[in-house]
*Asks:* 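Can you keep this structure in mind? I'll have questions shortly.
Since the model is a prediction, treat every value here as computed from it, not as a measurement. Quick note on labels: first sequence line is chain A, next is B, and so on, each numbered from 1. No hydrogens, no waters, no symmetry mates; every other heavy atom, side chains included, goes into these values.
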2 protein chains.
Amino acid sequence: MDIVISERSDMPIYEQIHVQLAAQVLDSRLEPNAMLPSIRTVARELGISVITIKKAWELLEADDLIYTRPGKGAFVSAHPPQDLRAKRQAFAVKRFHRDAAFYRGISITRDELISIVHREY
Amino acid sequence: MDIVISERSDMPIYEQIHVQLAAQVLDSRLEPNAMLPSIRTVARELGISVITIKKAWELLEADDLIYTRPGKGAFVSAHPPQDLRAKRQAFAVKRFHRDAAFYRGISITRDELISIVHREY
DNA sequence: ACCACTGTGTATGTCCAGTATGAACAGTTG
DNA sequence: CAACTGTTCATACTGGACATACACAGTGGT
């Protein structure tokens, strides 16, 4: 489990953790049912608050990407690969709906946006 | 000049104003060199603080979309249509660079993103 | 010269999200 | 029983967003 916190990101820390861990689950880089380090351990290692980690864990659990068991720990949810691919798409689509509002707001057409993605991505 | 403030947006008010006005300039919906309503007028009409409007005006001026003259007012910058199209592209590209970080972070390929834009936009 | 506008700058204050620390509670396991 | 685990609660700090108020300086019409 690799997490890098950027102080220059405009995303809050809990969101950075959420997204990075979600990516690792969605990429099948974490073993299904593998135990995650405890929130106290991650907090200590990253030099941040347990509450911040817990918030990220809550989002991941809401996404059905991990599950937590009081007294036991937090674990990677097990999903068939095709479900993970679908979840990754859904994750991207959900975010895209928010981003799209901006481009619509400045009258960027679909073709213009596709062209931008093609060139800049 | 039309501005609608959404309390449900996750964008700060000054940013909503910035983006909406930028769009109107970039779409040539505002006459070059037309005078904008004063920051006190807009503040009163929208029921917000003059400082908030001023912040939006500052961003717009930094974008070279308006210019301000103490004692006179704020005006729409005059640009040839092709320059406005280029500016609109640049505006979108700049924003896209921020948005792209997320999609890269969850390993969405260019083709996947194009497909999402095609389907959802 | 005066007035009513304009933009600009400063001071002060409130609110809220994000984050922090610490402590306590409850569950699990060896 | 101890050492872990997750969970909850209390309290506090910081910084950004936003607010109000006031003062300054520029512009233009009368």
*Asks:* If you find the nucleotide of DNA chain C closest to Leu36(B) and the one closest to Val50(A), which residue's nucleotide is nearer the 5' end?
*Replies:*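 Here Leu36(B) is the residue nearer the 5' end.
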*Asks:* Among the nucleotides dT7(D), dT19(C), dT8(C), which one has an atom lying closest to any side-chain atom of Lys54(B)?
*Replies:* dT8(C)
*Asks:* Closest to the Arg40(B) side chain: dT6(C), dG18(C), dT21(C)?
*Replies:*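 That would be dT6(C).
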*Asks:* Could you state the CD1-C1' distance from Ile39(B) to dA25(D), rounded to the nearest angstrom?
*Replies:*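 The distance from CD1 of Ile39(B) to C1' of dA25(D) comes to 14 Å, rounded to the nearest Å.
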*Asks:* Does the plane of the ring in Phe96(A) sit parallel, tilted or perpendicular to the ring in Tyr121(B)? Use 30° and 60° as the thresholds.
*Replies:*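 Perpendicular.
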*Asks:* Whole Å only: how far is the CG atom of Asp10(A) from the P atom of dA17(D)?
*Replies:* 11 Å
*Asks:* How long is the line joining CD1 of Ile51(A) and P of dT5(D), in whole Å?
*Replies:* 15 Å
*Asks:* Using atom CD1 of Ile13(A) as one end and atom P of dG15(D) as the other, report the distance to the nearest whole Å.
*Replies:*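 Result: 13 Å.
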*Asks:* For a quick test of reading the model: is some side-chain N or O of Ser38(B) closer than 4.0 Å to OP1 or OP2 of dC5(C)?
*Replies:* no
*Asks:* Would Gln16(A) and Ser6(A) count as having a side-chain donor-acceptor pair, cut-off 3.5 Å?
*Replies:*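 Side chains of Gln16(A) and Ser6(A): no pair found under 3.5 Å.
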*Asks:* Is the shortest heavy-atom distance from the side chain of Leu36(A) to the side chain of Val76(A) under 4.5 Å?
*Replies:* yes
*Asks:* Taking the minimum atom-to-atom distance to the side chain of Pro12(B), which one of dA17(D), dT6(C), dT7(D) wins?
*Replies:* dA17(D)
*Asks:* Nearest heavy atom decides the nucleotide; on that basis, is Glu58(A) or Gly71(A) closer to the 5' end of DNA chain D?
*Replies:* Gly71(A)
*Asks:* Counting only side-chain N and O atoms of Thr52(B), is one of them less than 4.0 Å from OP1 or OP2 of dA17(D)?
*Replies:* no
*Asks:* Report the distance from atom CG of Leu60(A) to atom C1' of dG6(D), rounded to the nearest whole Å.
*Replies:*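 It is 15 Å, rounded to the nearest whole Å.
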*Asks:* Without decimals, in angstroms, what is the distance between Phe75(A) CZ and dT5(D) P?
*Replies:* 11 Å
*Asks:* Determine the interplanar angle of the Phe91(A) and Phe102(B) rings, folded into 0 to 90°, and report it as parallel if under 30°, tilted if 30 to 60°, perpendicular if over 60°.
*Replies:*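 Ring orientation, 0 to 90° scale: parallel.
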*Asks:* Does Lys72(A) make a side-chain N or O approach to OP1 or OP2 of dT29(C) shorter than 4.0 Å?
*Replies:*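 Looking at the OP1 and OP2 atoms of dT29(C), one of them is under 4.0 Å from a side-chain N or O of Lys72(A).
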*Asks:* Under 4.0 Å between a side-chain N/O of Tyr14(A) and OP1 or OP2 of dT19(C), yes or no?
*Replies:* no
*Asks:* Any side-chain N or O of Ser49(A) less than 4.0 Å from the OP1 or OP2 oxygen of dG18(C)?
*Replies:* no
*Asks:* Counting only side-chain N and O atoms of Thr41(A), is one of them less than 4.0 Å from OP1 or OP2 of dT5(D)?
*Replies:*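 For dT5(D), OP1 or OP2 has a side-chain N or O of Thr41(A) closer than 4.0 Å.
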*Asks:* Can you check the Lys55(A) NZ to dT8(D) C1' distance for me, whole Å?
*Replies:* 15 Å
*Asks:* For Met11(A) and dG16(D), what is the distance between atoms CE and C1' respectively, to the nearest whole Å?
*Replies:* 19 Å
*Asks:* Kindly indicate whether the side chain of Leu46(B), heavy atoms from C-beta on, has any atom under 4.5 Å from the side chain of Ile3(B).
*Replies:*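 Touching, per the 4.5 Å side-chain cut-off.
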